[in-house]
Every structure is written in C-alpha cells, then in structure tokens.
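Take a look at the structure below.
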Amino acid sequence: MNSHASAVQQFGNISHGSKYVERGHEPRLVIDNVTYDYQGEYECRAANYINGQERVAISESVSLQVVGAPQILRLHPSMHTVLTRRGDAATLTFIVCADPRPQRVAWEWGSLRLDAGSATDRFRADDLLQDTREDCYLSTLHIHHTNEHDARPYYLVVENERGSDRHAIQLNVEARMIK
C-alpha cells in the first residue's frame, strides 16, 4: 500500500450494537471457536484514505446462525456461588444457549434429580424462560426455607439432539445470628 491509499476492513456484529470483531486487510472474516455469543448480523466496512479523504464502503449484512449442543454460560467465578441465611429462600440461575432448544433440563444434587417444570418438598425447578438473547434461556432452581444440609453444589444438566452440558453452582448457607 502506498501513502496515498490504505484500506482497513472492519467486520461488525450489527445486531449487537455495532461491536467490531476484527480489523485488518483480509477480505473475509474467520471466527475460531464459535459460541452462541457470535450469533447475529455482520457487515464489512472498508475505509480507504485517498488524498486525505476517507471513503467508506459497507457490505450487505450476512447472518450467522449458531446451531449445536447446549452451552451453559460460565460467567465470572463469583457468580457461581450463592449465599443465603438459614431459613431464607435461595434462587440458583444459569443462562443456557442452545439451538435446537434443550429437550431435557434438570437440576441434580446428591442423589436427587429435579426436571424443569417440577417441584418436590422445598425445591422447585422452573421451566426454561426465554432470555433476551436469541436461542438463550434462563434455568432457575428455587429452594425454600434453606438449612445447613442444603449447602452443596447444584448441577444444571441440559441436553438437546446435538449434545449436552453440565455445570455447578455452589450454595452456601449461613447460620442466623442470635440477638
């Protein structure tokens, strides 16, 4: 490239607030290790400076649809521990992305398994709720009147025709302070 003309190409995910994912001189976008976070509409913006003036060309948008096994989103490690006091309720929630939608969703702890949409004793597992992101859902386990025996890891297990995922969230139960 000479000093009169230089080109920069940017590929942006326009469905998520024009978040640009790559800059360079290549005419194609390559995404390694694709996850559901990359799903959306993309466009290419090429900027060229000729005699000090910027000229921009924008491609037609291209849609990226991710299809695959469920993925339980692993957020910051501090989000994988819930703290409650003895006698209070606890709510454990994960975000799951999957296309196709998960066919089996369950919470497991110890030797117990509770399918989404069911309840037993002090435990209730909600049906999947649509998250704000496409192909993503909230899975929630409610525990009422917690006690010290409830302190343990709880595993969310999700399956669809393309695979499965399993991840834990730790519940810690503190004793109530006597006044």
Side-chain angles (χ1 to χ4, degrees), residues 12-22 30-42 64-179:
N13 185 332
I14 60 176
S15 64
H16 291 83
S18 296
K19 175 177 69 176
Y20 289 96
V21 294
E22 182 177 314
V30 177
I31 303 173
D32 294 318
N33 300 316
V34 172
T35 65
Y36 291 96
D37 287 332
Y38 291 99
Q39 191 161 264
E41 298 288 319
Y42 287 81
L64 174 62
Q65 183 70 32
V66 178
V67 176
Q71 179 186 23
I72 299 170
L73 299 188
R74 282 131 170 99
L75 305 172
H76 189 274
S78 67
M79 303 293 290
H80 293 226
T81 301
V82 171
L83 179 63
T84 191
R85 289 202 168 127
R86 187 176 193 277
D88 289 348
T91 301
L92 313 180
T93 301
F94 272 124
I95 297 172
V96 178
C97 297
D99 186 9
R101 183 183 171 105
Q103 299 161 324
R104 296 185 53 195
V105 178
W107 286 87
E108 298 177 342
W109 65 97
S111 61
L112 300 175
R113 179 182 175 103
L114 187 62
D115 291 325
S118 61
T120 181
D121 192 29
R122 299 176 295 112
F123 300 88
R124 184 181 86 238
D126 292 346
D127 282 322
L128 288 180
L129 295 175
Q130 181 67 50
D131 186 48
T132 56
R133 289 171 277 193
E134 183 181 359
D135 297 324
C136 294
Y137 312 91
L138 296 175
S139 181
T140 304
L141 175 67
H142 302 276
I143 306 170
H144 300 284
H145 309 293
T146 58
N147 63 53
E148 59 277 0
H149 301 293
D150 296 326
R152 64 172 70 227
Y154 291 80
Y155 293 87
L156 176 62
V157 181
V158 291
E159 300 175 19
N160 71 9
E161 63 193 45
R162 299 196 176 250
S164 63
D165 197 9
R166 181 177 197 261
H167 196 62
I169 188 167
Q170 175 69 37
L171 176 64
N172 293 331
V173 180
E174 291 182 335
R176 286 220 175 258
M177 301 301 286
I178 300 174
K179 294 181 180 181

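In what follows, residues are counted from 1 in the order of the sequence shown.
Contact record, P102 with Y137: CD-CE1, 4.0 Å, taken as the closest heavy-atom pair. When all heavy atoms of N147 and H149 are compared, the pair lying nearest together is OD1-N, 2.7 Å. The minimum heavy-atom distance linking S164 with A69 is given by the pair N-CB, 4.2 Å. Of all non-hydrogen atoms in A98 and P70, the two that sit nearest each other are CB-CA, 3.7 Å.
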Please walk me through it: do V158 and L128 pass side-chain contact (heavy atoms from CB on, under 4.5 Å)?
-> CA-CA 11 Å; V158 291; L128 288 180; 5.7 Å; no

Trace of the side-chain contact (heavy atoms from CB on, under 4.5 Å) decision for D165 with R74 = CA-CA 11 Å; D165 197 9; R74 282 131 170 99; 2.8 Å; yes

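Applying the ring-ring contact (aromatic ring centres under 6.0 Å, His included) test to F123 and every residue at least two apart in sequence or in another chain returns W109. In terms of the side-chain hydrogen bond (donor to acceptor under 3.5 Å, both in side chains) criterion, residue partners of D131 (sequence neighbours excluded) are, by chain and number, R133. Looking at residues two or more places apart in sequence or on another chain, you find a side chain to side chain contact (heavy atoms under 4.5 Å, CB included) between R113 and R104, A106, E108, D115. Under the side-chain hydrogen bond (donor to acceptor under 3.5 Å, both in side chains) criterion, Q170 pairs with N172, sequence neighbours left out.
When side chains are defined from C-beta on, I72 does not count as touching Y155, because their heavy atoms never get closer than 4.5 Å. Contact check for Y42 versus I31: side-chain heavy atoms found under the 4.5 Å cut-off. Y154 has its side chain out of reach of V82: every pair of non-hydrogen atoms, C-beta onward, lies at least 4.5 Å apart. Contact check for Q65 versus D135: side-chain heavy atoms found under the 4.5 Å cut-off. Between I169 and L141 the shortest side-chain heavy-atom distance does not fall below 4.5 Å. Annotation: side chain of L73 is in contact with side chain of C97 (closest heavy-atom distance under 4.5 Å). Put simply, the side chain of L156 reaches to within 4.5 Å of the side chain of V96, judged on heavy atoms.
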Can you give the donor-acceptor pairs under 3.5 Å from side chains of residues 88-95 to other protein atoms, not counting sequence neighbours?
unit_1: D88; atom_1: OD1; unit_2: R176; atom_2: NH2; d: 2.3
unit_1: D88; atom_1: OD2; unit_2: R176; atom_2: NH2; d: 3.2
unit_1: T93; atom_1: OG1; unit_2: T140; atom_2: OG1; d: 3.2

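Between the side chain of S118 and the main chain of A125, no donor-acceptor pair closer than 3.5 Å is present.
Distance check: D121 CG to I143 CD1 gives 11.0 Å after rounding to the nearest 0.5 Å. Note that NE2 of H167 and CD of Q71 are 11.0 Å apart. Values are rounded to the nearest 0.5 Å. Remark: L112 CG to T120 OG1 distance equals 8.0 Å, nearest 0.5 Å. In this structure, CG in D99 is found 6.5 Å from CD in Q39, a value given to the nearest 0.5 Å.
Within the structure, every pair that satisfies the salt bridge (Lys or Arg N to Asp or Glu O under 4.0 Å) test and touches residues 138-148, not counting sequence neighbours, is listed here: R86-E148.
The neighbour count for H145 NE2, taken as heavy atoms of other residues, nucleotides or ligands under 6.0 Å away, does not exceed 12.
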